[in-house]
Trainee: 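Supplied in structure tokens, the structure appears directly below.
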2 protein chains.
Amino acid sequence: MYIEHIVKAMTSNPLLKSAAVEKSSHLEYFNIAVSVDCVIFGYEDKELKVLLIQSDLEEFSGLYSLLGDLVKPDEDLDAASYRVLKDRTGLDDVFLQQVHTFGSVNRHPSGRVVSTAYYSLVDINSHKLNIDSNDLHWHAVKGIKKLAFDHKQIIETCVKMLREQIMEHPIVHNLLPEKFSLRALQELYEAILGTPLDRRNFRKKIALKSWLVELDELEEDVTHRPGKLHKFKTKAVKSSVSKKDKNFFLTMCT
Amino acid sequence: MYIEHIVKAMTSNPLLKSAAVEKSSHLEYFNIAVSVDCVIFGYEDKELKVLLIQSDLEEFSGLYSLLGDLVKPDEDLDAASYRVLKDRTGLDDVFLQQVHTFGSVNRHPSGRVVSTAYYSLVDINSHKLNIDSNDLHWHAVKGIKKLAFDHKQIIETCVKMLREQIMEHPIVHNLLPEKFSLRALQELYEAILGTPLDRRNFRKKIALKSWLVELDELEEDVTHRPGKLHKFKTKAVKSSVSKKDKNFFLTMCT
DNA sequence: TATATTTGTGTATTGAGTACACATTAAAGA
DNA sequence: TCTTTAATGTGTACTCAATACACAAATATA
């Protein structure tokens, strides 16, 4: 993994070592690397998945880690996360949301790295998706046990954020094909929330959002009564990408 | 301001400059400084205030900025924010909440600094509060115009977060004296939310939270009918400090 | 044509959010 | 001490969202 190579290279760099030892110099304050980690969620087989890569750090041999990289000196923090996403998946028309910054001293075994976590939702079956390495794999979030670094905690934090946001914004639109049944949408919500939902109440709630349009088409290849297909309104999807104002708290007493 | 001195010192450091120029070296990735900025809120004269310091950067002469500092190589990110708070105010028993990390390339004129913002609520009139410098002043949030760096945006982001959280958690407890009237509490909420509230509905809503105990004492020194005094339950206050689980989103259909 | 499986729909209940008005209390001043 | 002033303290009606829950209609398959 790129970031790990670099860190290894740096911590063995005599210039840096001497700088770190030279306590009276203010240079020591630059001896912290800044990185981004992307929690890229997908959805397959009725499970929420996350894209992980085999760690190539000795300390974490056999473990997986998130996709991340050091931020370049002339690169905005947000831009770094888009670059990682683009480089790793070929996707660049997806929203990325900053979640939290992790900065424990010992979170990285090879040196001090402060990392900002972003999450994103991508279509595992998109034709645009282009996984660039055999080391990359989709893992069911539920089945994740031990990961490199503090990446398990990062994923947990992002899942929490994701759960908070899916009822407010139609961000899940690219976890499904363009046309989908309400059942498929409900299964997706259940997978993300990790809890079963009542069908009638779920439909009522979704209808209230007016995110969807009902099509004049039916599911095919199902062994039972087919459901009507739906798709997201382009308007709703756009607003989910740009809308950052969470003023749902303004449900205050007036 | 400490952070600004250091950054000035570093960007004039020939060692660093050569490292930044040496593009083939991975050392360049350490040429990003990591800092924290604390948005320390207070409450006085029925206004939400924030603690600012006069900037000593030439570029920002005459402007105020937030309290911040570079993170030390052996210091957790969260610990750095507590250190800044403690050094600047003498307070160390206050919660600090991470809000967002700001990482635009050009946000700092003297060099690349990625900064994580935290917010905190402190009692302006606490006897423990010990403002260590004459350059430090409380400013009404509403009246803030131009600040150094992107600090105005940082404050806006933190105010947004604060507004979201005050109805979920009793975090405002140290913006008021131990004993206070419901009117005083309401004025505080109005100041934070920037909107008037209905008295009866506010009381109903607060009562529902069971954060308060009603005392057998009345306000004094008021020129009208005195209200009953209240205080926060210690239990409620403790949970506001530790509680990080925002599962209010679990109001999902079951 | 019977069976299995899923779709599609509605109502009753509860609780929160909101709008809104009047009697009570204490202090201050005439 | 009586009147004025300015705030406290309280309850009801309406709307809307959240929830629990059941049955008829549609399709595929055997």
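Convention: sequence-line order gives letters A, B, ...; per-chain numbering from 1.
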Trainee: What side-chain donor-acceptor pairs closer than 3.5 Å can you find for residues 217-226 of chain A, not counting sequence neighbours?
Mentor:
| unit_1 | atom_1 | unit_2 | atom_2 | d |
| --- | --- | --- | --- | --- |
| A:E217 | OE1 | A:K179 | NZ | 3.3 |
| A:E217 | OE2 | A:K179 | NZ | 2.9 |
| A:E219 | OE1 | A:G227 | N | 2.8 |

Trainee: Atom CG of A:D198 and atom C1' of C:dT9: how far apart are they, to the nearest Å?
Mentor: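 About 12 Å, once rounded to whole Å.
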Trainee: Return the nearest nucleotide to the side chain of A:T223; candidates are D:dA28, C:dG10, D:dG11.
Mentor: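 My answer, after comparing the listed nucleotides, is D:dA28.
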Trainee: Please state how far atom CZ in A:F202 lies from atom C1' in C:dG8, giving the value in whole angstrom units.
Mentor: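 It works out to 15 Å between those atoms.
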Trainee: Going by side-chain hydrogen bond (donor to acceptor under 3.5 Å, both in side chains), B:Y119 matches just one of B:Q165, B:H100, B:Q97. Which one?
Mentor: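 Considering B:Q165, B:H100, B:Q97, a side-chain hydrogen bond (donor to acceptor under 3.5 Å, both in side chains) with B:Y119 is found only for B:Q165.
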Trainee: Decide yes or no on side chain to side chain contact (heavy atoms under 4.5 Å, CB included) for B:L162 and B:I171, but give the supporting numbers first.
Mentor: CA-CA 9 Å; B:L162 175 62; B:I171 53 175; 3.9 Å; yes
Trainee: DNA chain D: A:V222 or B:S181, which has the more 5' nearest nucleotide?
Mentor: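 Closer to the 5' end of DNA chain D: B:S181.
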Trainee: Tell me the interatomic distance from B:N201, atom CG, to C:dT18, atom P, rounded to whole angstroms.
Mentor: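 My rounded result for the distance is 7 Å.
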Trainee: Just N and O in the side chain of B:R183: are any of them under 4.0 Å from OP1 or OP2 of D:dT8?
Mentor: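 Checking B:R183 against D:dT8: at least one side-chain N or O falls below 4.0 Å of OP1 or OP2.
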Trainee: Is any N or O donor-acceptor pair between the side chain of B:R203 and the base of D:dG9 shorter than 3.5 Å?
Mentor: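 Looking at the base of D:dG9, it does not pair with any donor or acceptor on the side chain of B:R203 (distance under 3.5 Å).
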Trainee: CG of B:L185 versus P of D:dT8: gap in Å, rounded?
Mentor: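 Value for this atom pair: 12 Å.
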Trainee: Got a donor-acceptor contact below 3.5 angstrom from the B:Y189 side chain to the B:V172 backbone?
Mentor: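 No, because the side chain of B:Y189 does not come within donor-acceptor range (under 3.5 Å) of the backbone of B:V172.
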Trainee: Does a salt bridge link A:K160 with A:E164, judged by any charged N lying under 4.0 Å from a carboxylate O?
Mentor: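 Looking at A:E164 together with A:K160, the answer is no, because their closest N to O distance does not fall below 4.0 Å.
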Trainee: Please determine, for the side chain of B:L218, which listed nucleotide (D:dC21, C:dA26, D:dA7) has the closest atom?
Mentor: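 Nearest to the side-chain atoms of B:L218, counting from C-beta on, is C:dA26.
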Trainee: Just checking B:K228: base, sugar-phosphate only, or nothing, at a heavy-atom cut-off of under 4.0 Å?
Mentor: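 Answer is sugar-phosphate: B:K228 comes under 4.0 Å of backbone atoms only.
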Trainee: Distance check needed: D:dA17 C1' versus A:K209 NZ, whole Å only.
Mentor: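 A:K209 atom NZ is separated from D:dA17 atom C1' by 10 Å.
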Trainee: Could you tell me how far apart B:L208 (CG) and D:dT10 (C1') are, to the nearest whole angstrom?
Mentor: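 Roughly 16 Å, once rounded to whole Å.
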Trainee: For A:E214 and C:dG8, what is the distance between atoms CD and C1' respectively, to the nearest whole Å?
Mentor: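 It works out to 10 Å between those atoms.
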Trainee: Classify the side chain of B:K204 and the base of D:dT10 as holding, or not holding, a donor-acceptor pair under 3.5 Å.
Mentor: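 Counting by modelled atom types and ignoring angles, no donor-acceptor contact under 3.5 Å is found here.
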Trainee: Do the side chain of B:R199 and the base of D:dA7 come within less than 3.5 angstrom through a donor-acceptor pair of N or O atoms?
Mentor: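 No, no donor-acceptor pair under 3.5 Å.
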Trainee: Separation of A:R200 atom CZ from C:dT6 atom P, in whole Å?
Mentor: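 Whole-Å distance recorded here is 16 Å.
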Trainee: May I ask you to verify whether the side chain of B:R225 and the base of C:dT24 hold a donor-acceptor pair under 3.5 Å?
Mentor: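 Donor-acceptor pair under 3.5 Å: yes.
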